[in-house]
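The structure appears right after this line, and notes come after that.
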Amino acid sequence: MSSFLNEVRRRRTFAIISHPDAGKTTLTEKLLLFSGAIQIAGAVKGRKASRHATSDWMEIEKQRGISVASSVMQMLYREHVINLLDTPGHKDFSEDTYRVLTAVDSALMVIDAANGVEAQTRRLIEVCRQRDTPIITFVNKMDREVRDPLDILDEVERELGMPCVPMTWPVGQGKLFGGIINLRTQAMTVFDSGSERLPQDFETHPLSDQAQLAERFGLEWASAMESMELATGASPQFDKEAFLAGKQTPVFFGSGVNNFGVMEVLDALVDLAPSPRPRLSHLVVNKQAEEKIIQPEDVGFAGVVFKVQANMDANHRDRIAFVRVASGKFTPGMKLKVQRTAKELRPTSVVTFMSQRREAVEEAYAGDIIGFTTHGGVQLGDTITDGPALQFTGLPFFAPELFMTVILKNPLRTKQLQQGLDQLGEEGAIQVFKPEAGGAMLLGAVGQLQFEVVQHRLKAEYDCDVKLESCQYTGARWITADTPAELREFNYAYPQRMALDAANTLAYLCTSPYDVRLAQERFPKIHFHPLREHAGLALSTAG
């Protein structure tokens, strides 16, 4: 049992979050490079070159130079198994990111030192705050002309609503960037530009060499010492319990593209970030659901599907269900059940990830992310166990704000279109609504770019050329009723407005914000939900 506990405790599972262009994918590459997981980092800027960022595998990502799907990578560093989830920064793909944040125990927030906290970062912070997710902050691009580090700390504190605790401090910036002072080791690492450098290539001096450092870095040194004293004087001491409760954030400075200040972040992930944490679920007994806390060291295997990706391997038309292991130990050949359908899960293979590269799983523990290769039968939010009827909660689906009608250019491809929409809908890449009254399928999205990606993928992966046309709908609300009779009456009153989503949950389509209000007044016992959790379970009651 002690080796089982040790395996659980040496896991670290975190997501990298940021606004687009803050340097998140670059930092991901460098963390992988320093852990020895990859030998060469992708040229993130030269997206037209053959070497693309390791974590951006999809064709459209390579063309655009952005991340549109989360990717999962596992690495070994200092005897710890680190599961890293790189998330899309673009707001149009925020749903994917929100769901990824339900599968991690901590987050690494990347901030562009010139721009500070930006809009998309605020949204992601909000999700982390709701879950009390511990956040480590990395202030990137210190080798450029940037804002004063004290200003950045002040803004992060205001936006996060929690104090910052500097762990490293910059000496100079831009052309005069001299390096960082590591407050944990009381040493200064000297900056030297170059994307091929490894941590051991940077020179380090103990702070006891004050006179030598002051002479070498002059005014920049004096200014850094003064601002560092102000920052540490105004900040609390690092308190691990407060950090784990999401009540303070350790802050690191550096330049990801130059491999600088990254090693300190990797060490912090091992030393400070939490091992797998307990997760809330519902245990179904005699058709009654009661809350149950699942501990990572519990013996029974339990996991939750937080992402489904179709066609990661274009040659095999497979689907991978990404499962966060919540408890127990996975071994090949286990008898597993999808609790929503009570059907046995028989994956063709079970893998761990290194972006597109996969390796067969020999064993996996709480905190690990494993992929079940299937040909259907698994949806986002599904709970998979080897025993009790559990259902994990908290995987959000947001009501779309944009709608398009799907028009198939070649009617002979109807079957392929249906398959493509079914799979992309299950994946959560877009929301698919089938009108109850018949007619063309509707796509619902949070952002415009989602439509472009789905159109591109339907053509590339399913050989379906589609035209997307605007329609009158501007929103949707999932609906529930106090009794089946009331639901039937509501359906009868609004036959043209009813549609089923990918999880077969009933939704009311609206053409303006007034629609919901009027329908609510007319049918007070119908409940309209802007958010739903998996398979209609625990629908949000906010109007």
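We count residues from 1, following the sequence as given.
- Ile111 places a side-chain heavy atom less than 4.5 Å from the side chain of Val117.
- Here Arg10 pairs with Glu7 under the side chain to side chain donor-acceptor pair (under 3.5 Å) rule; sequence neighbours left out.
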Identify each donor-acceptor pair in which a side-chain atom of residues 242-250 lies under 3.5 Å from a protein atom, sequence neighbours left out, and give them as a table.
unit_1: Gln248; atom_1: OE1; unit_2: Asp239; atom_2: N; d: 2.8
unit_1: Thr249; atom_1: OG1; unit_2: Ile135; atom_2: O; d: 2.6
unit_1: Thr249; atom_1: OG1; unit_2: Thr137; atom_2: OG1; d: 2.9

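- Annotation for Glu79: atom CD does not count as buried by contact number, only 12 or fewer foreign heavy atoms lying within 6.0 Å.
- Scanning for salt bridge (Lys or Arg N to Asp or Glu O under 4.0 Å) contacts around Asp386 gives an empty result, with sequence neighbours left out.
- Here side chain to side chain donor-acceptor pair (under 3.5 Å) pairs that include residues 101-111, with residues two or more places apart or in two chains, are Asp105-Arg324.
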Worked check of side chain to side chain contact (heavy atoms under 4.5 Å, CB included) between Leu85 and Ile16:
CA-CA 6 Å; Leu85 287 83; Ile16 297 197; over 6 Å; no

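- Within the model, atoms OG1 of Thr352 and CG of Asn83 stand 9.0 Å from one another, a figure rounded to the nearest 0.5 Å.
- The side-chain heavy atoms of Thr13 and Ile369, taken from C-beta on, include a pair separated by under 4.5 Å.
- At a threshold of 4.5 Å between non-hydrogen side-chain atoms, the residues Gln448 and Met404 count as touching.
- Contact detail for Val378 and Ala321: the closest heavy-atom pair is CG1-CB, 3.8 Å.
- Taking CE from Met263 and CG from Leu33, the interatomic distance works out to 10.0 Å, rounded to the nearest 0.5 Å.
- Judged by distance alone, with hydrogens and angles left aside, the side-chain atoms of Thr28 form a donor-acceptor pair with the main-chain N or O of Lys24 at under 3.5 Å.
- Rounded to the nearest 0.5 angstrom, Phe14 CZ and Leu84 CG are separated by 3.5 Å.
- In this structure, the side chain to side chain contact (heavy atoms under 4.5 Å, CB included) partners of Ser281, at least two apart in sequence or on a different chain, are Lys292, Ile294, Leu390, Phe392.
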Could you walk me through whether Met109 and Phe138 pass side chain to side chain contact (heavy atoms under 4.5 Å, CB included), step by step?
CA-CA 6 Å; Met109 177 171 72; Phe138 179 69; over 6 Å; no

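- Put simply, CZ on Arg279 and OG1 on Thr383 are 10.0 Å apart, with the number rounded to the nearest 0.5 Å.
- When all heavy atoms of Val351 and Val361 are compared, the pair lying nearest together is C-CG2, 3.3 Å.
- Partners of Lys329 according to the salt bridge (Lys or Arg N to Asp or Glu O under 4.0 Å) rule, which considers only residues two or more places apart in sequence or in another chain, are Glu363.
- Between Phe330 and Phe372, the ring planes are perpendicular. Angles over 60° get that label, and only those under 30° would be called parallel.
- Between Asn140 and Ala22, the shortest heavy-atom contact is ND2-O, 3.0 Å.
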Between Phe260 and Ile180, is the side chain to side chain contact (heavy atoms under 4.5 Å, CB included) condition met? List the steps.
CA-CA 9 Å; Phe260 191 76; Ile180 52 170; 3.7 Å; yes

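- A heavy-atom distance below 4.5 Å is not found between the side chains of Ile320 and Val308.
- For the side chain to side chain contact (heavy atoms under 4.5 Å, CB included) criterion with Val323, the lone passing option out of Asp368, Leu345, Val305, Val350 is Val305.
- For Arg277, the CZ atom sits in a packed shell: over 12 heavy atoms of surrounding residues, nucleotides or ligands are nearer than 6.0 Å.
- Across all non-hydrogen atoms, the minimal contact from Trp478 to Gln431 is CZ2-OE1, 3.2 Å.
- Between atom CD1 of residue Ile370 and atom CD of residue Gln74 there is a gap of 10.0 Å, rounded to the nearest 0.5 Å.
- Side-chain contact check for Pro296 versus Ser275: every heavy-atom pair is 4.5 Å or farther apart.
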Salt bridge (charged side-chain N to carboxylate O under 4.0 Å, His left out) between Arg184 and Asp271: does it pass, once the steps are laid out?
CA-CA 11 Å; Arg184 295 173 77 202; Asp271 298 336; 2.9 Å; yes

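- Side-chain atoms of Asp501 come within 3.5 Å of backbone atoms of Thr505 as a donor-acceptor pair (strictly under, hydrogens ignored).
- By the side chain to side chain contact (heavy atoms under 4.5 Å, CB included) test, Asp201 pairs with Arg197, Leu198, sequence neighbours left out.
- Remark: Glu401 pairs with no residue by the salt bridge (Lys or Arg N to Asp or Glu O under 4.0 Å) rule, at least two apart or across chains.
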CA sep, side-chain torsions, deciding dist, call: Ile152, Val251, side chain to side chain contact (heavy atoms under 4.5 Å, CB included):
CA-CA 10 Å; Ile152 293 170; Val251 182; over 6 Å; no

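- Arg12 contributes no side-chain N or O that, together with a main-chain N or O of Ile82, makes up a donor-acceptor pair within less than 3.5 Å.
- Here the side chains of Asn115 and Glu118 are in contact, with some heavy-atom distance below 4.5 Å.
- When all heavy atoms are compared, the tightest approach of Ala268 to Phe252 is CB-CZ, 3.4 Å.
- Between Ser327 and Gly300, the shortest heavy-atom contact is OG-O, 2.7 Å.
- Contact check for Arg457 versus Leu424: side-chain heavy atoms found under the 4.5 Å cut-off.
- Between Phe253 atom CZ and Asn182 atom CG the span is 12.5 Å, to the nearest 0.5 Å.
- Applying the salt bridge (Lys or Arg N to Asp or Glu O under 4.0 Å) criterion to Glu344, with sequence neighbours excluded, gives Arg346.
- Applying the side chain to side chain donor-acceptor pair (under 3.5 Å) rule to pairs touching residues 252-268 yields Lys30-Asn259, Tyr77-Asp267, Arg78-Asp267, Asp143-Ser255, Asp143-Asn258, Ser255-Asn258, sequence neighbours excluded.
- The shortest distance between side-chain heavy atoms of Val110 and Ile17 does not fall below 4.5 Å.
- Asp422 is linked by a side chain to side chain contact (heavy atoms under 4.5 Å, CB included) to Gln418, counting only residues two or more places apart in sequence or in another chain.
- Other residues, nucleotides and ligands contribute more than 12 heavy atoms inside 6.0 Å of the NZ atom of Lys240.
- Among residues two or more places apart in sequence or in another chain, the side chain to side chain contact (heavy atoms under 4.5 Å, CB included) test is passed with Glu157 by Pro163, Cys164.
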